[in-house]
Engineer: 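Let me give you the structure first, and then I'll get to my questions.
Here, residue 1 is the first one in the sequence, and each next residue gets the next number. Side-chain atoms are counted along with the backbone in the values below, which use heavy atoms only and exclude waters and symmetry mates. This structure is a prediction, so every number in the text was calculated from the model and none was measured.
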Amino acid sequence: MLPQSPSLAFPFRVCDVVELGRYPHRGRANAAEHRAAIIGAMEGGDVLDLALRDCRTLSGGELHRVHFARALAQVWAPLADGRTRYLLLDEPTASLDLAHQGHVLARAKAFANARGGVLAILHDLNLAAAFADRVVVMNEGRIAAEGKPEDVLTAGLIRSVWRVECEIVPADRGRRPAIIMRYDAGRPDATVPQPLLRAAE
């Protein structure tokens with residue numbers, strides 16, 4: 001599992017943190033298998049070049065990728081003993097730049113395509129549309145819609161749940177739909193309560 005805000009207080013190196021993901025497999029895998037999983041997971045998190053760095057010196061995004069790699073190391077083989085392993089990701093793209101957002105979700109998608117299971121919580125609808133096989137939209141603790149991204153993420157649903165106008169660029173030639181949000185930046189009074197506006201003045 002990758003929590004939303006992973007932290008680390010001890011002077012562990014990146015490779016040590018990723019290796020912690022292999023702890024449940026001690027005695028069930030040999031040294032070569034452990035090493036392959038650790039290196040592969042660091043490549044999956046794009047942190048191999050940071051392997052010997054003290055985690056306390058990393059940026060928030062770098063540390064998030066280290067913990068993603070640790071989670072990958074734990075579930076390195078999507079299928080084990082005939083059972084599916086699951087990767088649980090709570091805001092896996094938090095603190096990441098655009099390139100690493102795509103990199104992390106592409107790696108999670110590859111895990112799913114290898115018959116693993118992935119459950120990711122995302123607030124970026126375009127990332128959900130681009131990578132998810134199925135989406136579940138939650139609204140005030142209840143399921144508002146569920147299904148394929150192109151069926152669920154409609155302008156009407158987005159207006160209803162998030163109260164934001166948008167335009168949907170439809171899927172074309174194998175590409176997923178894209179969502180263009182329409183924010184009314186010219187009318188702050190439309191979204192900010194009037195007493196707050198007067199206090200600011």
Engineer: Who pairs with P6 by side chain to side chain contact (heavy atoms under 4.5 Å, CB included), at least two apart in sequence or on another chain?
Structural biologist: L2, P3, H64, H67
Engineer: With sequence neighbours left out, what residues match P170 under side chain to side chain contact (heavy atoms under 4.5 Å, CB included)?
Structural biologist: none
Engineer: Under the salt bridge (charged side-chain N to carboxylate O under 4.0 Å, His left out) rule, what pairs show up with a residue in residues 3-17, not counting sequence neighbours?
Structural biologist: R13-D16
Engineer: For R56, which residues count as a salt bridge (charged side-chain N to carboxylate O under 4.0 Å, His left out) partner, sequence neighbours excluded?
Structural biologist: D54
Engineer: Could you list the cluster mates of I121? Members are the ILVMFWY residues connected by side-chain heavy atoms closer than 4.5 Å, either directly or through other members.
Structural biologist: none
Engineer: Once salt bridge (charged side-chain N to carboxylate O under 4.0 Å, His left out) is applied, what residue pairs with a partner in residues 86-104 remain, sequence neighbours excluded?
Structural biologist: none
Engineer: Strictly distance-based, threshold 3.5 Å: is any side-chain N or O of R65 a donor or acceptor partner for the main-chain N or O of D46?
Structural biologist: yes
Engineer: For a quick test of reading the model, state the closest non-hydrogen atom pair linking A144 to V161 and the distance between them.
Structural biologist: CB-CG2, 4.0 Å
Engineer: Would you say the side-chain atoms of R53 pair up with the backbone N or O of D49, donor to acceptor, closer than 3.5 Å?
Structural biologist: no
Engineer: Which value, rounded to the nearest 0.5 Å, describes the distance between L125 atom CG and W162 atom CH2?
Structural biologist: 4.5 Å
Engineer: Which ILVMFWY residues can you reach from V169 by hopping between side chains whose heavy atoms are under 4.5 Å apart?
Structural biologist: I180
Engineer: Apply side chain to side chain contact (heavy atoms under 4.5 Å, CB included) to A36 and list each qualifying residue two or more places apart in sequence or on a separate chain.
Structural biologist: none
Engineer: Is F68 linked to L58 within one hydrophobic cluster, defined over Ile, Leu, Val, Met, Phe, Trp and Tyr using a side-chain heavy-atom separation of less than 4.5 Å?
Structural biologist: no
Engineer: Within the 4.5 Å heavy-atom criterion, are P92 and L122 side-chain neighbours or not?
Structural biologist: yes
Engineer: If you measure from CZ on R70 to CE on M1, what distance do you get to the nearest 0.5 Å?
Structural biologist: 9.5 Å
Engineer: Taking E33 for the side chain and N30 for the main chain, is one N or O donor matched with an acceptor at less than 3.5 Å?
Structural biologist: yes
Engineer: Could you note down all residue pairs passing side chain to side chain donor-acceptor pair (under 3.5 Å) where residues 151-161 supplies at least one of them, sequence neighbours left out?
Structural biologist: R159-E165
Engineer: L52 versus V14: any side-chain heavy-atom pair under 4.5 Å?
Structural biologist: no
Engineer: Are the side chain of T93 and the backbone N or O of L96 linked by a donor-acceptor pair below 3.5 Å?
Structural biologist: no
Engineer: Looking only at heavy atoms, what is the nearest atom pair of A73 and A41, with distance?
Structural biologist: N-CB, 3.6 Å
Engineer: For the atom pair CZ (F131) and CZ (R176), what is the distance rounded to the nearest 0.5 Å?
Structural biologist: 9.0 Å
Engineer: Side chain of N126, backbone of I179: donor and acceptor closer than 3.5 Å?
Structural biologist: yes
Engineer: Taking all non-hydrogen atoms of both residues, which atom of R22 and which atom of Q74 are closest, and how far apart?
Structural biologist: NH1-O, 4.5 Å
Engineer: Please determine whether residues V75 and V104 belong to a single hydrophobic cluster, defined as Ile, Leu, Val, Met, Phe, Trp and Tyr linked transitively by side-chain heavy-atom distances below 4.5 Å.
Structural biologist: yes
Engineer: Flag yes if I38 and V47 sit in one hydrophobic cluster, no otherwise; membership is Ile, Leu, Val, Met, Phe, Trp, Tyr, and two members link when side-chain heavy atoms are under 4.5 Å apart.
Structural biologist: yes
Engineer: Taking all non-hydrogen atoms of both residues, which atom of F111 and which atom of W76 are closest, and how far apart?
Structural biologist: CE1-O, 4.5 Å
Engineer: Sorted by first residue and then second, give each salt bridge (charged side-chain N to carboxylate O under 4.0 Å, His left out) pair with at least one member in residues 102-125; sequence neighbours left out.
Structural biologist: K109-D133
Engineer: Applying side chain to side chain contact (heavy atoms under 4.5 Å, CB included), name anything that partners A112, two or more places apart in sequence or on another chain.
Structural biologist: V118
Engineer: At their closest point, which heavy atom of L8 faces which heavy atom of C55, and how far apart are they?
Structural biologist: CD2-CB, 3.4 Å
Engineer: Using the rule that Ile, Leu, Val, Met, Phe, Trp and Tyr join whenever any side-chain heavy atoms are under 4.5 Å apart, tell me whether V66 and L48 fall into a single cluster.
Structural biologist: yes
Engineer: Starting from V152, can I reach L127 by hopping between I/L/V/M/F/W/Y residues whose side chains sit under 4.5 Å apart?
Structural biologist: no
Engineer: Closest heavy-atom contact between C166 and M181?
Structural biologist: CB-SD, 3.9 Å
Engineer: Pair up each side-chain donor or acceptor in residues 136-143 with any protein partner under 3.5 Å, not counting sequence neighbours, and list the distances.
Structural biologist:
none

